[in-house]
Asker: 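This structure is in structure tokens; I'll ask about it shortly.
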Amino acid sequence: MAVTLCQAAGFFISLVGVAGIIAATGMNQWSTQDLYNNPVTAVFNYQGLWQTCVKQTSGFTECRAYFTILGLPAMFQAVRALMIVGIVLGGIGLLVAIFSMKCIRIGSMEDSAKANITLTSGIMFILAGLCSIIGVSVFANMLVTNFWMTTANMYTGGAISGMGGMGGLQTLQTRYTFGAALFVGWVAGGLTMIGGVMMCIACRGLMPEESNYKAVSYHVSTKTPAYKTSAYDEKSKKSIYNESRRSEDGKSYPSKYDYV
């Protein structure tokens, strides 16, 4: 019963995690405009893996897809690839996990086969969660690097402007910070990994227990005789020879075999 609960819980947790990875990949709020130095603005920018959007104070939102692939940064394309690989591995893991559920009987499938399928799906879930977490973390690192570089340029521009008589004036540049999609991706990847670990734990309980007494089979070879009868034949010959030495009055005479 505990094995079934562990397997079912791992499956549903992984299902929620894979759904979260899909949602995070399709969201446009991977990076949002930082409003720390400019809280009042008529335009709000945010970007995703597939589109860049502009939201106005009137409520009108316009999104535009990236019409280039080679023009995007290499790390950005790597994040895309990691998220897609995570979705593919998670989807295949879900399909495999359905056939490994102990509460579902498919033909005459043995428990050992279900245990191997459960282990396979668990490994796929763990890899899918790792792809999601790595992809989101790489994008977050890109945001942090660009944020501090933009901040440094802002203060550097302010110092240069101050030399020209506008002391303390900072150049206004658009900075981006973490969006909601990053947190969704981190949580979804963690849930997928937890579900995969639970599936791997359930695999051990599905393995059939080995008996203490192992059966031993004996095979008779056709090339060599199974039993050696030479000793038995020699003993029989000795007995017949001794009987022939007995006389009719019941007396027996010694033979050469009596002194051996």
Side-chain angles (χ1 to χ4, degrees), residues 1-31 47-50 73-144 178-210:
M1 186 64 180
V3 176
T4 305
L5 290 176
C6 182
Q7 188 183 36
F11 175 78
F12 286 109
I13 292 175
S14 300
L15 177 62
V16 174
V18 173
I21 294 175
I22 296 174
T25 305
M27 292 175 65
N28 290 326
Q29 290 82 15
W30 278 71
S31 60
Q47 298 175 353
L49 294 180
W50 315 101
M75 297 299 292
F76 189 85
Q77 298 183 18
V79 172
R80 278 182 171 183
L82 285 171
M83 299 304 293
I84 293 175
V85 170
I87 293 174
V88 172
L89 289 176
I92 296 175
L94 289 175
L95 293 177
V96 173
I98 293 175
F99 297 99
S100 67
M101 299 299 292
K102 192 174 182 180
C103 56
I104 300 176
R105 300 295 299 178
I106 302 177
S108 59
M109 184 179 294
E110 299 180 355
D111 291 340
S112 59
K114 284 196 171 186
N116 294 330
I117 298 176
T118 302
L119 180 62
T120 303
S121 62
I123 294 174
M124 286 187 176
F125 288 143
I126 293 174
L127 293 178
L130 283 176
C131 288
S132 176
I133 292 175
I134 293 173
V136 174
S137 300
V138 169
F139 194 90
N141 182 63
M142 293 170 56
L143 283 179
V144 172
F178 293 170
L182 297 182
F183 301 100
V184 174
W186 274 319
V187 174
L191 290 176
T192 308
M193 290 187 64
I194 292 174
V197 171
M198 294 182 68
M199 295 291 286
C200 293
I201 293 175
C203 167
R204 298 187 60 183
L206 292 174
M207 293 296 294
E209 297 180 358
E210 297 182 358

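Since this is a predicted model, take the numbers as computed values, not measurements.
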Asker: Please tabulate, for the side chains in residues 10-22, all donor-acceptor contacts under 3.5 angstrom to protein atoms that are two or more places apart in sequence or on a different chain.
Answerer:
from : atom 1 : to  : atom 2 : distance (Å)
S14  : OG     : G10 : O      : 2.8

Asker: Does anything in residues 128-138 pair up under side-chain hydrogen bond (donor to acceptor under 3.5 Å, both in side chains), and if so which pairs, sequence neighbours excluded?
Answerer: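 Every side-chain hydrogen bond (donor to acceptor under 3.5 Å, both in side chains) pair that includes a residue of residues 128-138, provided the two are not neighbours, is S137-W186.
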Asker: Closest approach of G122 and M199, non-hydrogen atoms and distance?
Answerer: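 Closest approach of G122 to M199, heavy atoms only: CA-CB, 3.8 Å.
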Asker: Name each donor-acceptor pair under 3.5 Å that joins a side chain in residues 77-95 to protein atoms two or more places apart or in another chain, with its distance.
Answerer:
from : atom 1 : to  : atom 2 : distance (Å)
Q77  : NE2    : I69 : O      : 2.2
Q77  : NE2    : L72 : O      : 3.3
R80  : NE     : L49 : O      : 2.8
R80  : NH2    : L49 : O      : 2.7

Asker: Ignoring hydrogens, what is the shortest heavy-atom contact between C203 and T118? Give both atom names and the distance.
Answerer: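 What the structure gives for the nearest pair is N-CG2, 4.2 Å.
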Asker: Would V136 and W30 count as a side-chain contact (heavy atoms from CB on, under 4.5 Å) here? Give the steps.
Answerer: CA-CA 9 Å; V136 174; W30 278 71; 4.0 Å; yes
Asker: Could you tell me which non-hydrogen atom of S31 sits nearest to which non-hydrogen atom of F139, and how far apart they are?
Answerer: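 Taking S31 first and F139 second, the nearest heavy atoms are CB-CE2, 4.2 Å.
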Asker: What are the two closest non-hydrogen atoms of S100 and Q7, and how far apart are they?
Answerer: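 Distance-wise, the nearest heavy atoms are O-NE2, 2.6 Å.
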Asker: Show the nearest heavy-atom pair for residues A24 and V184, with the distance to one decimal.
Answerer: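 Looking at all heavy atoms of both residues, the closest pair is CB-CG1, 3.9 Å.
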Asker: Which heavy atom in M142 sits nearest to a heavy atom in M75, and how many Å separate them?
Answerer: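 Shortest heavy-atom separation between M142 and M75 comes out as SD-CB, 3.5 Å.
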